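Note that the structure is predicted; figures quoted are calculated from it, not measured. Only this structure's heavy atoms are used, side chains among them; waters, hydrogens and symmetry mates stay out.
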Amino acid sequence: MTGLENFKKSLLACRNKELLEKKLEALELSKLELIIMKRRYIDGLFIKQIPEFSGVSERWVKKVHARAINKTLDGLQVADLLELGIPLKVTSRSLFKA
C-alpha cells in the first residue's frame, strides 16, 4: 500500500467527521474539490457514487479527487493531523508519494 493510499485510508477512518469537515473547509479547495472530498471522506461514498451528487463524470471526479488529495496533503499541518487522529509516522508528504 502506498503512502497516498494510507493517507486516504486514514481520512476514511477519521472518527471525528465534523472536525474533518472543518479542516477540509479551511483548505483552499475549489467548490467541486470540496464536494468530492466531503462525499468521499465525510459521507463515505465510493468514487463511482459521487458523480450523482457532483454533476460531473466519474472520470472527472477521479481527476479532481487526486488534485484535492494533494491540496489536502499540502494544506494540513502536523497539528491538524494529530487532531484528526492520523498517526505522526505518516505526516511527511514524502511518505504519501506513490
Side-chain angles (χ1 to χ4, degrees):
M1 186 177 292
T2 68
L4 259 174
E5 290 167 342
N6 285 333
F7 180 67
K8 292 174 193 177
K9 186 177 177 181
S10 295
L11 289 177
L12 280 170
C14 178
R15 293 176 190 233
N16 191 339
K17 299 296 184 183
E18 197 173 288
L19 179 60
L20 177 57
E21 185 172 5
K22 287 180 184 180
K23 299 289 183 187
L24 291 173
E25 288 172 350
L27 299 173
E28 293 183 14
L29 300 175
S30 71
K31 185 177 178 180
L32 181 57
E33 289 168 338
L34 187 57
I35 289 168
I36 291 169
M37 293 296 284
K38 284 182 177 182
R39 292 294 182 183
R40 179 71 184 115
Y41 299 104
I42 306 301
D43 300 336
L45 297 179
F46 293 105
I47 293 293
K48 63 184 174 185
Q49 295 172 304
I50 297 174
E52 181 180 332
F53 300 96
S54 64
V56 297
S57 69
E58 182 179 342
R59 188 175 185 179
W60 193 246
V61 167
K62 288 178 182 180
K63 288 182 181 189
V64 174
H65 176 257
R67 190 171 58 227
I69 283 291
N70 286 325
K71 284 184 178 181
T72 302
L73 279 170
D74 289 340
L76 291 179
Q77 304 298 314
V78 172
D80 296 324
L81 296 170
L82 285 172
E83 261 187 294
L84 293 168
I86 296 175
L88 278 179
K89 65 181 180 178
V90 294
T91 57
S92 170
R93 182 166 171 77
S94 63
L95 292 175
F96 296 121
K97 290 190 176 183

Visitor: Roughly how far, to the nearest 0.5 Å, is the CZ atom of Arg67 from the OG1 atom of Thr72?
Guide: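 Rounded to the nearest 0.5 Å, the OG1-CZ separation comes out at 11.5 Å.
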
Visitor: Measuring only between side-chain heavy atoms, which start at C-beta, is Val56 closer than 4.5 Å to Leu32?
Guide: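 Result yes, sub-4.5 Å side-chain heavy-atom pair found.
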
Visitor: Answer yes if Leu73 and Leu29 sit in the same cluster of Ile, Leu, Val, Met, Phe, Trp and Tyr residues linked by side chain heavy atoms under 4.5 Å apart, and no otherwise.
Guide: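 Result: yes, single cluster for both.
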
Visitor: In the structure I gave you, are the side-chain heavy atoms of Phe7 and Leu76 within less than 4.5 Å of one another anywhere?
Guide: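 When only atoms from C-beta onward are counted, Leu76 and Phe7 do touch, with a gap below 4.5 Å.
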
Visitor: Short question: side chain of Asp74, backbone of Lys71 - any donor-acceptor pair under 3.5 Å?
Guide: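 No.
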
Visitor: Between Lys38 and Glu21, does at least one N-O distance fall below 4.0 Å, as a salt bridge requires?
Guide: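 Salt bridge present between Lys38 and Glu21.
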
Visitor: Using 0.5 Å steps for rounding, measure from the CG atom of Asp80 to the CG atom of Leu20.
Guide: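 Asp80 atom CG to Leu20 atom CG measures 10.5 Å (nearest 0.5 Å).
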
Visitor: Checking side-chain contact (heavy atoms from CB on, under 4.5 Å) against Ile69, which of Arg40, Glu33, Lys8 comes through?
Guide: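 It is Lys8, the one option of Arg40, Glu33, Lys8 that forms the side-chain contact (heavy atoms from CB on, under 4.5 Å) with Ile69.
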
Visitor: With distance as the sole test, does Lys62 use its side chain to make a donor-acceptor pair with the main-chain N or O of Lys48 at under 3.5 Å?
Guide: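 Here the side-chain-to-backbone pair does not exist.
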
Visitor: By the definition side-chain contact (heavy atoms from CB on, under 4.5 Å), identify the one residue from Val78, Leu11, Asn6 that meets it with Ile86.
Guide: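 In the set Val78, Leu11, Asn6, the residue that makes a side-chain contact (heavy atoms from CB on, under 4.5 Å) with Ile86 is Leu11.
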
Visitor: Between Ile36 and Leu12, is there a shared hydrophobic cluster once you connect ILVMFWY residues whose side-chain heavy atoms come closer than 4.5 Å?
Guide: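 No, separate clusters.
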
Visitor: Gln49 side chain to Phe46 main-chain N or O, any donor-acceptor pair under 3.5 Å?
Guide: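 Present.
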
Visitor: Does a side-chain heavy-atom distance below 4.5 Å link Met37 with Ile42?
Guide: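 Result no, sub-4.5 Å side-chain heavy-atom pair not found.
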
